[in-house]
Amino acid sequence: MVTQIPELHAGTPFDELDDYIALARLSGLVLSPDGSLLICARAVLDDKSAEYVSSLWEIDPEGRRPARRLTWGSTSESGAAFAFDGDVLFTATRAVPGESDPQPALWRLPAAGGEAQLLISRPGGVSSVSAAKAAPTFVAQTSVMASAISLDQDDQVRSARKDKKVTAMLHTGYPVRHWDHDLGPDHPHLVVAETDSKESVELRDITPTAGAALRETSTTISDDGLFVVTTWTVGDASAARRSTLVRIDTVTGDRVTLVDEADADVYNPVLSPDGTKLAFIRETLTTPESAPRMTLQLYDFGSGAVTGVADGWDRWPTSLAWLPDGSGLVVTADDGGRGPIFTIDLWGQPVRLTADDAAYTDVRVAPDGESIYALRASYEAPPHVVRVDLRSGEITALRGPDTLPELPGTLTEITARAEDGSTVRSWLALPTGAAPHAPVPLLLWVHGGPLGSWNTWSWRWNPWLLVAKGYAVLLPDPALSTGYGQDFVQRGWGQWGKAPFTDLMAITDAAVAQPEIDPKRTGAMGGSFGGYMANWIAGHTNRFDAIVTHASLWALDQFGPTTDAAWYWQREMSPEMAVENSPHLYVADITTPMLVIHGDKDYRVPIGEGLRLWYELLAESGLPADDDGKTDHRFLYFPDENHWVLKPQHTKIWYEVVTAFLSEHVLGEDVALPEILG
């Protein structure tokens, strides 16, 4: 049961892209140690509509007071954390006296009121702050040059590189880049300081020899501030990387390894309220034959023993938090197209707390043990702040800065029977007014991952923008999707072109059988792994009128060694798997018009995949360019975008080009392209 849902807008913002892009977005919910205050970040467009700028907002946990803005900087403020005295710590890139190139710095907003005060400014930036609940100690992350033996020397090396305009990097290991940025020549370090000094803050580097061990780390600090537990990445065979868990003394910097398993990654550590136990997630390393398995684990500081929690639970945990009395955990997990909250007794099995169709993130447990606060989202609503009663599961939407947008359609759920008898489910978003006497075209939209689920709102991949154009949008979870058990993932493991493909065709058959759908007008699209599936679909069926493929894998033998985390993909992508499942081998069978989209800063699926796909479509496909070079295919290229398209105006162009391409080939209608493309 959900109460106090905010009133909706008196109109849909999905009809015009400018209105959609202008919608505010919430993220990063945190709760004060005494449970009296919630803070979240709210991102809105800047004055030029060129980027999103976030500010911090106060949310009343009781839902009585309206939301109140706390920070007013001209640049984004995020990463909020509460210090032990109630001050709010956050990061922001603001102009700092004496610095010509400001980096993200740590600021403090006094609990008693007043202007934000600069706490830490470093040439390598500051991020990921965690504060102790019962002491003035906090830990943050900053980047330090590999050759520097101190923070002072780091400043000198950076200054020399800047003055000489040196950008060269000498790598001694792998990886060398990540998502959209080059790695090196600096590395993340953990620094510790105290907030009780109002004049100056003395930083202590407690990981001076970290090297690359703290990239993509997750850290938790003890209530007394005497130690932190963090993930610590170590090298493995064949240039692979593997995460372990270590304990670091915040005074001496002494480091002790707690959990190091040769056949698993361990991460997301969370200390128990009394500091005697550590909960974390264990993910087994994959092989060409075996998919990963994720489980909850418990480390006991007294005995050093590691035990499982909720053994046999056939779901993958996505986040975890402790109950205040330490008797159990609050966990989220993908589950049947949703992302509910579960409670787990340490020696029991999970009990589902939320019964709605939403997915929950940023879960914060109130210190009285009676409530949970979280961001709640689904395909019917973007993230908004709610309170969940820990006993009844009743959900109360709190008073946020914005109301929820009205949708241009309705959401329903359909299922289909796969070739092997498995059940495949999907969300189906239908335009308002869709009816048997006026059937609408269908757009199959395949999710990325591939280990993921269409179970929550996405600002980047939003079906309602296409629904507003009159399409029914199908959001299926085929084999490899999470939330349906280990066997459902395993049935597609290493066989991307088999069960995932046939599942998609089965659920598409079920969708076009709906009376509201016009089976003669269909398109398919996807990004990342969804783009891979779009390419595979193009080479294995001509049932669709148009296909859109974004940031897609094309030649698996080429992709594997060139992606930013080659070791991860090589565990599954054996030479045999690459040959059996590579879309480029079926280019001659592609007769469907394709829109190829790729960003040059995409290091996860490098631009070479898009460039090769584009050339081979025009030169070798069943629908090649004619003798004059004319083609029905199109290539939308973003020189400065990455795996996603993040700049607001590029997002607008993305949707404009996609809808124009679909209109031409699915609807048979010409739609003008944006003039700004040139």
Side-chain angles (χ1 to χ4, degrees), residues 103-104 122-128 139-191 203-219 228 230-246 248 253-257 259-267 285-286 558-571 573 600-608 642-643:
Q103 297 296 313
R122 291 270 309 130
V126 180
S127 62
S128 305
V139 60
Q141 190 177 97
T142 187
S143 292
V144 180
M145 288 290 178
S147 61
I149 59 174
S150 68
L151 297 181
D152 288 340
Q153 188 180 12
D154 174 65
D155 297 348
Q156 297 169 12
V157 175
R158 288 180 186 276
S159 179
R161 286 177 63 89
K162 183 178 179 180
D163 291 344
K164 300 293 185 181
K165 300 186 185 304
V166 172
T167 59
M169 305 176 195
L170 178 64
H171 291 286
T172 60
Y174 189 86
V176 299
R177 53 188 194 171
H178 185 63
W179 284 117
D180 63 350
H181 59 278
D182 296 305
L183 298 178
D186 54 5
H187 301 300
H189 285 211
L190 293 181
V191 292
L203 293 180
R204 301 190 303 277
D205 186 349
I206 59 173
T207 57
T209 60
L214 290 170
R215 288 180 182 149
E216 295 296 297
T217 191
S218 53
T219 301
V228 298
T230 183
T231 51
W232 189 271
T233 302
V234 298
D236 213 340
S238 302
R241 308 290 286 171
R242 180 170 51 79
S243 64
T244 66
L245 293 177
V246 301
I248 303 175
D254 292 342
R255 186 176 77 248
V256 176
T257 299
V259 184
D260 182 354
E261 298 193 30
D263 59 350
D265 285 309
V266 288
Y267 52 88
L285 303 186
T286 63
Q558 169 184 279
F559 162 79
T562 59
T563 182
D564 60 350
W567 79 87
Y568 174 86
W569 298 100
Q570 297 289 56
R571 289 170 179 163
M573 205 173 289
D600 206 289
K601 297 293 289 182
D602 185 352
Y603 295 163
R604 179 54 46 96
V605 181
I607 185 62
N642 58 27
H643 196 58

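For clarity, every value in this text was computed on a predicted model and none was experimentally measured. All residue numbers in this chain count up from 1 along the given sequence.
- Between the side chain of Ser143 and the backbone N or O of Asp186 there is no donor-acceptor pair closer than 3.5 Å.
- Using a 4.5 Å heavy-atom cutoff, the side chains of Val126 and Pro104 are not in contact.
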message: Quick one, Thr257 with Trp232, criterion side chain to side chain contact (heavy atoms under 4.5 Å, CB included). Give me CA distance, side-chain angles, the key distance, then yes/no.
response: CA-CA 9 Å; Thr257 299; Trp232 189 271; over 6 Å; no
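- Distance alone, capped at 3.5 Å, is enough to place a donor-acceptor pair between the Thr231 side chain and the Ser218 backbone.
- Judged by distance alone, the side chain of Arg161 and the main-chain N or O of Ala168 form a donor-acceptor pair under 3.5 Å.
- Taking the charged nitrogens against the carboxylate oxygens, Asp265 and Arg241 have no contact shorter than 4.0 Å, which rules out a salt bridge.
- The line from CD1 of Ile206 to CG of Asp254 is 10.5 Å long, rounded to the nearest 0.5 Å.
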| message | If you apply the rule side chain to side chain contact (heavy atoms under 4.5 Å, CB included), what do you find for Tyr267 with Glu216, and how did you get there? | response | CA-CA 10 Å; Tyr267 52 88; Glu216 295 296 297; over 6 Å; no
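- Between Tyr174 and Trp567, the ring planes are perpendicular. Angles over 60° get that label, and only those under 30° would be called parallel.
- A distance of 11.5 Å separates OG1 in Thr562 from CD1 in Ile607, rounded to the nearest 0.5 Å.
- Between the side chain of Ser243 and the backbone N or O of Val266 there is at least one donor-acceptor pair closer than 3.5 Å.
- The pair Asp260-Arg242 meets the salt-bridge criterion, since a charged nitrogen lies less than 4.0 angstrom from a carboxylate oxygen.
- One finds no salt bridge joining Arg177 and Asp182 here, because no Lys/Arg side-chain nitrogen approaches an Asp/Glu carboxylate oxygen to under 4.0 Å.
- Taken to the nearest 0.5 Å, the OG1 atom of Thr233 stands 9.5 Å off from the CZ atom of Arg215.
- A heavy-atom distance below 4.5 Å is not found between the side chains of Tyr603 and His178.
- Within the 4.5 Å cutoff, side-chain heavy atoms of Val157 are placed close to those of Ser147.
- Proximity of a side-chain donor or acceptor of Asp180 to a complementary backbone N or O of Lys601 within less than 3.5 Å is not detected.
- Note that the CG atom of Leu190 and the OG1 atom of Thr230 stand 5.5 Å from one another [nearest 0.5 Å].
- Residues Pro561 and Gln570 form a side-chain contact, since some pair of their non-hydrogen atoms from C-beta on lies under 4.5 Å apart.
- Annotation for Pro188 and Ala210: closest pair O-CB, 4.0 Å, computed over non-hydrogen atoms.
- Looking at Thr563, its side chain does come within 3.5 Å of a backbone N or O of Arg604 through a donor-acceptor pair.
- Using a 4.5 Å cut-off on side-chain heavy atoms (C-beta onward), Asp205 and Leu203 make no contact.
- How far CG of Asp564 is from CG of Leu183: 8.5 Å, rounded to the nearest 0.5 Å.
- The main-chain N or O of Gln153 is found under 3.5 Å from a side-chain atom of Ser150 such that the two form a donor-acceptor pair.
- Phe559 is listed as a side-chain neighbour of Val605, based on a closest heavy-atom distance under 4.5 Å.
- A donor-acceptor pair under 3.5 Å is absent between the side-chain atoms of His187 and the main chain of Gly184, judged by distance alone.
- Distance CE/Met145 to CG/Asp155: 10.0 Å, rounded to 0.5 Å.
- No option in Thr207, Ile149, Leu151 other than Leu151 meets the side chain to side chain contact (heavy atoms under 4.5 Å, CB included) test with Val144.
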